[in-house]
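This report refers to the structure that appears directly beneath it.
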There are 2 protein chains.
Amino acid sequence: MPRAATTTDAFNAVAEPRRREILDALAEGERPVNDLVMLLDLAQPQVSKHLRVLREVGLVVSRDEGRQRVYRLNGRPLKTIYEWVSRYERTWNEKFAALDDVLDDLKQKEKPNARKRR
Amino acid sequence: MPRAATTTDAFNAVAEPRRREILDALAEGERPVNDLVMLLDLAQPQVSKHLRVLREVGLVVSRDEGRQRVYRLNGRPLKTIYEWVSRYERTWNEKFAALDDVLDDLKQKEKPNARKRR
DNA sequence: AAATTATATGCCGATATAGGAATATATCAA
DNA sequence: TTGATATATTCCTATATCGGCATATAATTT
């Protein structure tokens, strides 16, 4: 069984750094494909392919404008990632870590035989 | 050129749902491999393999305890993901969106020929 | 109609998966 | 020492990917 398709979800789509760059560029405003090509210094077909993946997971939407196709960001699917990773904020944030220590101490007073984590 | 290795960074390591499950389990406290095997209902070799990937990107560390190997979470590498995805919070958060609208209006008063996004 | 511009798709090749099964290694128990 | 337990590694196979290149499609201009 190979890896899950890049179009499976936002997690997989966004694991590719070029696609994150594309999203970053679109965060400043919608753009036609060729703008992205020049901005990111990528070959046009690769940009179109990356955009296809991003569209399939709903991270971008497009609109035709003459012979250009203008792509626009839709960050909504990133919410899933944000929500998952947010739960871990305490593991690198010192303030949270300090708070956890206090809470651990309180718990230990309640049940003296509980063992401490972290 | 194939996809970037799963061990390239946290983005790639965490794109696999089983590995997220493992991290979720470890978030509650360190555990030996077999605990994870039973908890997640996965085959032992697959768990070991997933743990290897997680270790290579620094998301877990291990400690030997008798014949068990106890794994502990290190969320630090997730910070990169958090920081990247946080920049997009406004794209799904209504409050931010409303704020952006206000800011857009203010900008339009300054330069009347600026065009509006979103 | 022909040429130009903008974008998408198709084909190719190399490669790193993920799971399954078997096996290796290492520690502990009898 | 033998057996049991805990974990890691190896071999297997199928497949999706990424980039490069060529080409298809579609709209616009001359």
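Here is the naming used below: chain letters follow the sequence lines, and residue numbers restart at 1 for every chain. Just so it is clear, the model here is predicted, and its values are computed rather than measured.
A salt bridge links A:R52 to A:E56: at least one charged side-chain nitrogen sits closer than 4.0 Å to a carboxylate oxygen. Between A:E89 and B:K79 there is no salt bridge, since none of the side-chain N atoms of the basic residue sits less than 4.0 Å from a carboxylate O of the acidic one.
The residue A:T6 sits close only to the backbone: its heavy atoms come under 4.0 Å of sugar-phosphate atoms, none of a base. B:Q68 comes within contact range of the sugar-phosphate backbone alone, with a heavy-atom separation under 4.0 Å but no base atom that close. Base contact: A:P45 has a heavy atom under 4.0 Å from a base atom. Nucleic acid contact class of B:R55 (heavy atoms, under 4.0 Å, all strands): none.
Taking for each of A:R52 and B:L42 the nucleotide of DNA chain C with the nearest heavy atom, the 5'-most of the two is the partner of A:R52. Mapped onto DNA chain D by nearest heavy atom, B:Q46 and A:N12 fall at different nucleotides, with B:Q46 at the one closer to the 5' end.
Hydrophobic clustering (side-chain heavy atoms under 4.5 Å, transitive across Ile, Leu, Val, Met, Phe, Trp, Tyr) keeps B:V53 apart from A:Y88. Under the 4.5 Å side-chain heavy-atom criterion for Ile, Leu, Val, Met, Phe, Trp and Tyr, B:L39 and B:V70 are members of distinct hydrophobic clusters.
Distance from the side chain of B:K49 is smallest for D:dT9 among the nucleotides C:dA18, D:dA16, D:dT9. Taking the side chain of A:Y71 as heavy atoms from C-beta on, and the options C:dA8, C:dA18, D:dA8, the nearest nucleotide is C:dA8. The listed nucleotides are C:dT7, D:dA16, D:dA8; the one nearest the side chain of A:P2 is D:dA16.
Under the side chain to side chain contact (heavy atoms under 4.5 Å, CB included) rule, B:R63 has a single partner from B:R72, B:E30, B:R69, which is B:E30.
Counting to the nearest Å, the C1' atom of C:dT27 and the CZ atom of B:R63 are 16 Å from each other. Taking atom CD of residue B:E16 and atom P of nucleotide D:dT15, one finds them 18 Å apart after rounding to whole Å. In this structure, A:D35 atom CG and C:dT5 atom C1' are separated by 14 Å, rounded to whole Å. The interatomic distance linking B:L54 (CG) with C:dT17 (C1') rounds to 15 Å, in whole Å. Atom pair B:M38:CE and D:dA6:C1' shows a separation of 11 Å (rounding to whole Å applied). Between the CD atom of B:E56 and the P atom of D:dA8 there is a distance of 13 Å, rounded to whole Å. Rounded to whole Å, the distance from CG on B:L51 to P on C:dG19 is 13 Å. Note: CZ (B:R31) to P (D:dA6) measures 16 Å, nearest angstrom.
Residue A:N34 places none of its side-chain N or O atoms closer than 4.0 Å to OP1 or OP2 of C:dT5. OP1 or OP2 of D:dT15 has not a single side-chain nitrogen or oxygen of A:R3 nearer than 4.0 Å.
A donor-acceptor contact under 3.5 Å links the side chain of B:Q44 to the base of D:dA8. One donor-acceptor pair, N or O on each side, does fall under 3.5 Å between the base of C:dT5 and the side chain of A:R67.
Aromatic ring centroids of B:F11 and A:F11 lie 6.0 Å or more apart.
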